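Here's the structure, in structure tokens; my notes come after.
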Number of protein chains: 2
Amino acid sequence: MNLFGRKQKQTEAHNHIADDLSQKGLRMTPQRLMIVAAVENSTNHISAEEIYEQVIEKYPNVNISTVYRTLDTLAEMRLVTKTDLGDGRVRYHPADKGHHHHLVCRECGAIIDLDEKALTGIQATLLRDYNFIADLRHLGISGKCVKCNRQVVRET
Amino acid sequence: MNLFGRKQKQTEAHNHIADDLSQKGLRMTPQRLMIVAAVENSTNHISAEEIYEQVIEKYPNVNISTVYRTLDTLAEMRLVTKTDLGDGRVRYHPADKGHHHHLVCRECGAIIDLDEKALTGIQATLLRDYNFIADLRHLGISGKCVKCNRQVVRET
DNA sequence: TAAGATGATGCAACCCTTTGTAGTTGCATG
DNA sequence: CATGCAACTACAAAGGGTTGCATCATCTTA
């Protein structure tokens with residue numbers, strides 16, 4: 001599936017996103033085309049820097065601030081998700097490729113994928129008790145994995 | 001209560017933290033003394049920049065990287081907590097002043113305090129199903145508050 | 001098709017934070 | 001008290017990300 005979950009071919013995908021953009025009075029530019037393609041073609045989560053490097057290979061005068069601005073725009077339109085795993089750089093992911101969360105081990109850096117259903121309970125709680133619509137897509141939760149915890153126990 | 005929840009007077013608090021430090025082979029320095037005092041005296045969450053400004057008033061040649069390194073050390077020792085509310089700067093808080101989470105509205109920036117008990121359920125789930133010890137102290141959850149959600153509904 | 005309006009971009013500067021490094025401070029041991 | 005070692009610090013530089021601004025591109029309407 002592509003970024004939009006409808007068609008297979010990139011050109012059609014881009015036509016579709018171009019539609020989405022123009023519905024909001026925004027425009028599809030060559031820069032945005034390449035940024036969208038980079039996110040779409042990444043197998044897993046991709047960083048802004050990695051997107052930037054892919055883009056300037058074909059279009060060397062694009063600025064990285066354009067990459068960030070485009071990604072923010074796409075995130076606002078809910079076409080991509082931003083995830084802060086706490087390692088100092090934000091990762092991007094096509095929104096239709098499934099949502100999930102990440103358990104990040106503070107010690108060894110291991111990343112454990114966590115199904116999004118695991119948190120639907122608190123999402124409901126927050127809505128009911130706090131009138132708050134929590135956006136838990138691609139949440140990064142820090143902590144300690146079993147392996148690292150065992151090590152501490154051994155040492156002590 | 002002070003940062004350590006035992007004595008009232010700062011000097012004693014600092015003696016106590018000095019003990020904690022030296023137990024780990026670390027030292028209590030004048031810089032650390034002032035940084036600890038700044039976190040301790042803040043009524044709510046304080047940023048590194050704010051701590052830095054307090055410190056250099058009395059000790060003008062302290063560098064901000066020392067502030068960051070000290071805060072990281074204190075966080076590792078679980079004496080302070082770091083919270084990323086998503087506004088581009090991390091806040092610090094004495095660990096013994098109670099844990100809670102924050103619901104941050106993506107639209108208006110409102111911050112709703114959330115009791116830490118609200119998330120103990122998923123903490124247990126993550127431990128049981130994923131063998132992961134989640135550190136949910138002072139978590140920042142982004143989303144949309146009722147007020148902003150109502151506005152969108154009205155507009156549409 | 002010309003004019004105005006609005007969106008998008010590149011560039012430079014800046015913000016917050018981290019990191020490398022060389023020099024210092026303080027502790028422990030002989 | 002000298003020596004060695006490890007912790008600590010200031011400074012500078014860099015990293016990831018954002019922002020202000022002037023310019024450019026595109027769209028609309030007449």
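Please read these numbers as outputs of a predicted model, since none were measured by experiment. Reminder, nothing fancy here: chain letters follow the sequence lines and each chain counts from 1.
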Quiz item: Any side chain to side chain donor-acceptor pair (under 3.5 Å) pairs touching residues 61-71 of chain B, not counting sequence neighbours?
Solution: Asn63(B)-Ser65(B)

Self-check item: Euclidean distance, atom CG of residue Leu33(A) to atom P of dT9(C) [Å, nearest integer]
Solution: 11 Å

Quiz item: Partners of Arg27(A) by side chain to side chain donor-acceptor pair (under 3.5 Å), sequence neighbours excluded?
Solution: none

Exercise. Using only side-chain N and O atoms of Arg89(A), determine if any of them is under 4.0 Å from OP1 or OP2 of dG17(D).
Key: no

Exercise. Please name all residues satisfying side chain to side chain donor-acceptor pair (under 3.5 Å) with Asp72(A), sequence neighbours left out, ordered by chain then number.
Key: Lys82(A)

Exercise. Name all pairs fulfilling the salt bridge (charged side-chain N to carboxylate O under 4.0 Å, His left out) condition that reach into residues 48-67 of chain A, sequence neighbours left out, sorted by first residue then second.
Key: none

Practice problem: Using the test salt bridge (Lys or Arg N to Asp or Glu O under 4.0 Å), find all partners of Asp129(A) that sit at least two apart in sequence or belong to another chain. | Solution: none

Please tabulate, for the side chains in residues 121-128 of chain A, all donor-acceptor contacts under 3.5 angstrom to protein atoms that are two or more places apart in sequence or on a different chain.
| unit_1 | atom_1 | unit_2 | atom_2 | d |
| --- | --- | --- | --- | --- |
| Gln123(A) | NE2 | Ala134(A) | O | 2.8 |
| Thr125(A) | OG1 | Gly121(A) | O | 3.0 |

Practice problem: Check whether any side-chain N or O of Lys24(B) sits under 3.5 Å from a backbone N or O of Met77(B) as a donor-acceptor pair, and report yes or no. | Solution: no

Quiz item: Please give, in whole Å, the distance from dT9(D) C1' to Ile35(B) CD1?
Solution: 10 Å

Self-check item: OP1 or OP2 of dA10(D) under 4.0 Å from side-chain N/O of Thr66(B)
Solution: yes

Quiz item: Of all residues at least two apart in sequence or in a different chain, which pass the ring-ring contact (aromatic ring centres under 6.0 Å, His included) check with His45(B)?
Solution: His93(B), His100(B), His102(B), His138(B)

Quiz item: If the sugar-phosphate is the primed atoms plus P, OP1 and OP2 and the base is the rest, what is the B/S/- string for nucleotides 18-27 of chain C, using protein heavy atoms under 4.0 Å?
Solution: BBB----BB-

Quiz item: Tell me: CG of Leu26(A) to C1' of dT26(D), nearest whole Å?
Solution: 13 Å

Exercise. Round to the nearest Å and state the distance from Leu21(B) atom CG to dC8(D) atom P.
Key: 7 Å

Self-check item: d(CD1, Ile46(A); C1', dG16(D)) in whole Å
Solution: 16 Å

Practice problem: Between Glu49(A) and Gln31(B), name the one whose nearest nucleotide on DNA chain D is closer to the 5' end. | Solution: Gln31(B)

Self-check item: Candidate nucleotides dG16(D), dA8(C), dC8(D), ranked by approach to the side chain of Arg32(B) - the nearest
Solution: dC8(D)

Practice problem: Any chance you could measure Leu85(B), atom CG, to Ile111(B), atom CD1, to the nearest 0.5 Å? | Solution: 4.5 Å

Practice problem: Using five base pairs at each end, measure the axis-to-axis angle across the helix from dT1(C)-dA30(D) to dG30(C)-dC1(D) and round it to 10 degrees. | Solution: 20°

Quiz item: CE of Met77(A) versus C1' of dA8(C): gap in Å, rounded?
Solution: 15 Å

Practice problem: Give the nucleotide from the list dT9(C), dT17(C), dG16(D) with an atom nearest to the side chain of Ala48(B). | Solution: dT17(C)

